[in-house]
Asks: 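The following block contains the structure, expressed as structure tokens.
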Amino acid sequence: MILIDTVAKMQEFARQHRGEIALVPTMGYLHEGHASLMREARKRAAIVVVSIFVNPTQFGVNEDLDSYPRDLERDKRVAEAAGVDVIFAPTAADMYPAGYQSYLNVEEITLELCGASRPGHFRGVTTVVAKLFNIVAPTVAIFGKKDFQQLAVIRRMVQDFNMDLEIVGMPIVREADGLALSSRNARLSEPERESALCLSRSIKAARAAFAKGETSVAQLRRVALEVIEKERAATLDYLEFRDPDTLAPLQTADHRTLLALAVRVGTVRLIDNCILGEE
């Protein structure tokens, strides 16, 4: 495994291996969820590149850019164990040099859910992902479904801009107790981590009600919301039932319905989701 830390060197590597690269974009502090994406990438291309870049343009004012966990040496060990060939770890100054002023914006699909509470977030996401696609030139890019809206936005961007690569979404990886793996989990205290289980418990409650025949979104939302409201340390951002393709709101649920939620536990904002009819 090699480390590439400049855009110019990564572009030169990409030119030499065009048509052979799978990319796993990350912000580092890698965990088993990331590793599952890397193993899938290993199946799909001759060369696996993992980008590690805490992207400043997707963080808003008073968000956790400065406190976002970082540990490149640990990341190297996780990536190498998963069969990664290249870590691309550029600096912010290299990705956004002096005078930088170009941004890519996907519109309607970014306006609600995380986009409503984090203005400008998805403009930062689409801009950096488009830059990574241009720099690394992958034939396939692997993303986790925990960031479901992000995946939907990236699919829309790739389709709208006729980008010549495949986007693959991979299932959420969870701890044994149900907590979705996230780099931000490292910022939770022990009591906060226990409180954070309300996200997966809320999902479980809604799915159980749906499995028993409940299809009213209003009723399913009440069932899920009750779990969150019982947890004093948790503050709800949103809890929504949406079409998985368009993210449009629904009144009646079916097996394809997306349940997505965001909850703040202490100072840490966590997201989770499920498709009601999936295992």
Side-chain angles (χ1 to χ4, degrees), residues 26-37 54 58-60 62-71 74-75 77-78 81 113-114 116-118 121 143-151 169-212 214 217 219-242 253 257-279:
T26 83
M27 292 207 301
Y29 212 74
L30 304 178
H31 50 64
E32 176 56 27
H34 296 115
S36 72
L37 308 184
V54 181
Q58 69 189 68
F59 289 80
N62 298 322
E63 290 193 336
D64 58 348
L65 174 60
D66 292 338
S67 60
Y68 195 88
R70 297 162 170 87
D71 189 339
R74 175 179 177 274
D75 290 345
R77 293 192 294 272
V78 174
L113 304 177
C114 286
S117 57
R118 303 184 70 188
H121 168 68
F143 294 85
K145 291 183 179 178
K146 184 175 73 68
D147 296 303
F148 196 98
Q149 186 178 15
Q150 173 180 278
L151 178 59
M170 293 294 291
I172 296 172
V173 178
R174 300 181 181 276
E175 300 279 7
D177 59 8
L179 183 66
L181 290 182
S182 169
S183 299
R184 286 187 168 92
N185 291 351
R187 297 181 51 221
L188 296 168
S189 67
E190 195 168 321
E192 287 171 342
R193 191 197 177 288
E194 182 64 29
S195 296
L197 293 175
C198 69
L199 281 85
S200 58
R201 289 170 180 163
S202 175
I203 287 172
K204 185 176 181 180
R207 293 182 73 173
F210 176 75
K212 291 178 181 178
E214 183 60 69
V217 162
Q219 181 57 31
L220 290 170
R221 190 176 189 278
R222 280 193 287 270
V223 169
L225 190 58
E226 183 178 356
V227 178
I228 304 295
E229 290 176 337
K230 287 180 179 178
E231 184 50 63
R232 292 184 179 180
T235 303
L236 182 70
D237 183 345
Y238 65 77
L239 194 160
E240 297 286 339
F241 292 80
R242 299 293 178 111
T257 296
L258 168 71
L259 163 54
L261 67 160
V263 174
R264 191 172 296 277
V265 179
T267 62
V268 183
R269 184 178 181 276
L270 301 172
I271 59 175
D272 205 342
N273 69 77
C274 77
I275 300 297
L276 289 179
E278 289 184 357
E279 292 296 327

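Predicted model only: the values in this text are computed from it and were never measured.
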Asks: Residues two or more places apart in sequence or in another chain: which of them pass side-chain contact (heavy atoms from CB on, under 4.5 Å) with E192?
Replies: L188, S189, V265
Asks: Sub-3.5 Å donor-acceptor pair from the side chain of R221 to the main-chain atoms of L239, do we have one?
Replies: yes
Asks: Can you name the residues that form a salt bridge (Lys or Arg N to Asp or Glu O under 4.0 Å) with D237, not counting sequence neighbours?
Replies: R269
Asks: Kindly write out the residues that satisfy side-chain contact (heavy atoms from CB on, under 4.5 Å) with Q219, not counting sequence neighbours, or none if the list is empty.
Replies: E214, S216, R222, V223
Asks: Quick check against the 3.5 Å criterion: does N185 have a side-chain atom that pairs as donor or acceptor with the backbone of A180?
Replies: yes
Asks: Restricting to salt bridge (Lys or Arg N to Asp or Glu O under 4.0 Å), what partner residues turn up for E194, sequence neighbours left out?
Replies: R201
Asks: Among residues at least two apart in sequence or on other chains, which ones pass side-chain contact (heavy atoms from CB on, under 4.5 Å) with V78?
Replies: L30, A35
Asks: In chain order, what residues pass the side chain to side chain donor-acceptor pair (under 3.5 Å) check against E229, with sequence neighbours excluded?
Replies: none
Asks: With distance as the sole test, does N273 use its side chain to make a donor-acceptor pair with the main-chain N or O of K145 at under 3.5 Å?
Replies: yes
Asks: Under the rule for ring pair (Phe, Tyr, Trp, His ring centres under 6.0 Å), what residues qualify as partners of H121, not counting sequence neighbours?
Replies: none
Asks: What residues form a salt bridge (Lys or Arg N to Asp or Glu O under 4.0 Å) with D64, not counting sequence neighbours?
Replies: R184, R187
Asks: Can you name the side chain to side chain donor-acceptor pair (under 3.5 Å) partners of E226, sequence neighbours left out?
Replies: none
Asks: Can you list the residues that meet the salt bridge (Lys or Arg N to Asp or Glu O under 4.0 Å) rule with R174, with sequence neighbours excluded?
Replies: D272
Asks: Could you list the residues that satisfy side chain to side chain donor-acceptor pair (under 3.5 Å) with S183, not counting sequence neighbours?
Replies: none
Asks: Could you tell me which residues satisfy side-chain contact (heavy atoms from CB on, under 4.5 Å) with T235, sequence neighbours excluded, listed by chain and number?
Replies: R264
Asks: Given 3.5 Å as the limit, does a donor-acceptor pair link the side chain of D71 with the main chain of R74, or not?
Replies: yes
